[in-house]
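Okay, structure first, notes after.
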There are 2 protein chains.
Amino acid sequence: MSNQEALNQYDSNLFRTPDGYTSDIAVFTITSHQLAEFTPPKMTLKLMLIKRALMNAEGQTNIESGKWALPGGFVQDDESGYEAAERELVEETGVKGLHIKHFSVYDKPGRDPRGWIITNAHYAIVPEHTLSKRNASDDAAEVALFSIDEVLKLDLAFDHRDIIKDAIHKITNDLLQTTVAQNFLPKHFTYSELQALLLTVTKDSSISSDQSFARKIKTLPFIQAVAGSKTQRTSKSPAQLYEFIDVDVVKPIYTARY
Amino acid sequence: MSNQEALNQYDSNLFRTPDGYTSDIAVFTITSHQLAEFTPPKMTLKLMLIKRALMNAEGQTNIESGKWALPGGFVQDDESGYEAAERELVEETGVKGLHIKHFSVYDKPGRDPRGWIITNAHYAIVPEHTLSKRNASDDAAEVALFSIDEVLKLDLAFDHRDIIKDAIHKITNDLLQTTVAQNFLPKHFTYSELQALLLTVTKDSSISSDQSFARKIKTLPFIQAVAGSKTQRTSKSPAQLYEFIDVDVVKPIYTARY
DNA sequence: AGAATAGTGTCTATAAGACAGTATAGT
DNA sequence: ACTATACTGTCTTATAGACACTATTCT
């Protein structure tokens, strides 16, 4: 019997179908305060949220309006959840993500009062300068950045508190265990810039000590010096620039070596 | 305006809704060949697949019948994808998973000929002995274990080749970077049992060398010796038993320490 | 005794991390 | 000259990994 015949017999009403399929995005950025010229930046990890508008684009009252929420929305025809995340990010915040990664699914019946609505949670990494042109639009009354400490004190829509907690945990681990850090940095960066970035998620002494870290960066197998390339943007004394080389880094917990 | 009013105005037909929501499970087990008494086991990582039956439980011709596939099925009323994975695993294979973890979503339109069907991919870890009572049922004509090398040569249903590739990559990393290995082992295990397990996914010399690994296991912060507890199941000479202690292990790629 | 696994003693090379010092350049 | 950052010299200690050796216990 052919696959076609089987298809004809298939009745999609046999099983409950979801009432909606959405994608949400936890947009992280590092705000970089350069206190003065010739100093390394002070960095803070921040999450972008939108304040849900009273009315939606179609002029109807919006659900969970007035609360802070992750940007996101319904997956549309012929889109995957990932593609929807890319599109929504641009639509709702005017921002193009550098690095978008799916990290979990929230599908518990009851999580959305409108019905059985499944959401794909993604996190995105966005360089701060692209955020400067962020603007509210459509469903969003307001767009703002919150530090990790602030964000969990807000009045959050749906189950976004859970999603945000998971996103923070995930990006913290990924920053330390993978090379995603490169997406927060310019292509060429100094050791003190990478260091400032990592210090937003760890206090490990071998990272917080300038001397240790300046030495360490030269031995990391996934980072190389850019020959003859220096910058003075972090100090009067010209500093060596580095770049990531793309290798799949897996550091087993059972061994010491890379 | 209240949330209730907003809800009344919400029209679920505004957006395309999926035609189905499923959960698939990549069931991994380690088959342990004890060649003789008093020897450490030789272990192989295997994946359990089912051969799709010609007819489904309702007596209709099954889609993609005759091909090998991951066990899985539709998420039912008031279930989350995770709960469905747990249920399907028992239903289709008679096996209760020790450790089930969601790792990705496959939602590309066109991945399933029956319509826009979204699947949650999970991987599960199952001890070999519970698999002995595995049985085909409902949608499954046959259940079998395949080694990682064999499995990608099979004729696989839907986009299960992609899912399986991702699952193998994920579990390989997780075995080395997290403590999930404990789910493949008895609560108390010897260094040579853990070693045999890790050697299914790595060839690192510090793990493959008996002496190095026997020393290393005593220094790992997430493993402790079980005082006064020894076994002879791997050698005539009684071997110390160890157990995992549950700590959140994050090993940054930028540092050497735990 | 022999065989096989479980471990320990000890050495060498490398790396980690701390402390101190030098180098660079703008003000 | 002063200051802040970017390094480097050097020492101490810890760890990795190799080699050789001992220990245990069943056959």
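Convention: sequence-line order gives letters A, B, ...; per-chain numbering from 1.
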### Query
Can you pull the ring-ring contact (aromatic ring centres under 6.0 Å, His included) pairs that have at least one residue in residues 197-216 of chain B, sequence neighbours excluded?
none

### Contacts of type salt bridge (Lys or Arg N to Asp or Glu O under 4.0 Å), residue A:R161, not counting sequence neighbours
none

### Sequence-distant partners of A:E243, salt bridge (Lys or Arg N to Asp or Glu O under 4.0 Å), two or more places apart
A:K187

### Message
Expressed as a whole number of angstroms, how long is the span from A:D210:CG to C:dT22:P?
### Response
19 Å

### Task
To the nearest Å, give me how far apart CZ (A:F213) and C1' (D:dA6) are.
14 Å

### Task
Grab the NZ-P distance between B:K218 and D:dA16 for me, whole Å please.
13 Å

### Query
Who passes side-chain hydrogen bond (donor to acceptor under 3.5 Å, both in side chains) against A:D159, sequence neighbours left out?
A:R111

#### Entry: Short side-chain N/O contact from A:S206 to OP1 or OP2 of C:dG17, under 4.0 Å
yes

### Message
Please report the distance, rounded to the nearest Å, between CD1 in B:I217 and P in C:dA6.
### Response
11 Å

Show the distances under 3.5 angstrom between N or O atoms of the protein and N or O atoms of nucleotides 24-27 of chain C.
unit_1: C:dG26; atom_1: OP1; unit_2: A:Q232; atom_2: NE2; d: 3.4

### Distance in angstrom units between B:Q240 CD and D:dT24 C1', rounded
14 Å

### Query
Rounded to whole angstrom units, what separation is found between the OH atom of B:Y254 and the C1' atom of C:dA15?
20 Å

### Task
With heavy atoms under 4.0 Å as the rule, sort A:A214 into base, sugar-phosphate or nothing.
nothing

### Partner set under ring-ring contact (aromatic ring centres under 6.0 Å, His included) for A:F189, not counting sequence neighbours
A:F244

Identify all pairs in which a protein N or O lies below 3.5 Å from an N or O of nucleotides 10-13 of chain D, and state each distance.
unit_1: D:dT10; atom_1: O4; unit_2: A:R215; atom_2: NH2; d: 3.2

### Task
Using the test side-chain hydrogen bond (donor to acceptor under 3.5 Å, both in side chains), find all partners of B:Q182 that sit at least two apart in sequence or belong to another chain.
B:T179

### salt bridge (Lys or Arg N to Asp or Glu O under 4.0 Å) involving A:R215 - partner list, sequence neighbours excluded
none

### Query
Considering residues at least two apart in sequence or located in another chain, which fulfil the side-chain hydrogen bond (donor to acceptor under 3.5 Å, both in side chains) criterion with A:Q240?
none

### Query
Partners of B:K170 by salt bridge (Lys or Arg N to Asp or Glu O under 4.0 Å), sequence neighbours excluded?
B:D174

### Query
Taking atom P of D:dA6 as reference, at what distance in whole Å does atom CG of A:L194 sit?
12 Å

### Query
Are A:F222 and A:Y242 near enough that their ring centres are under 6.0 Å apart?
no

#### Entry: Sugar-phosphate, base or nothing in reach of A:Q211, heavy atoms under 4.0 Å
base

### Query
Hey, what bend do you get for the helix from C:dA1-D:dT27 to C:dT27-D:dA1 if you fit axes on five pairs at each end, rounded to 10°?
10°

### Query
Below 4.0 angstrom from OP1 or OP2 of C:dA6, is there any side-chain N or O of B:T234?
yes

### Query
Roughly, in whole Å, what's the span from NZ in B:K216 to P in C:dT8?
15 Å

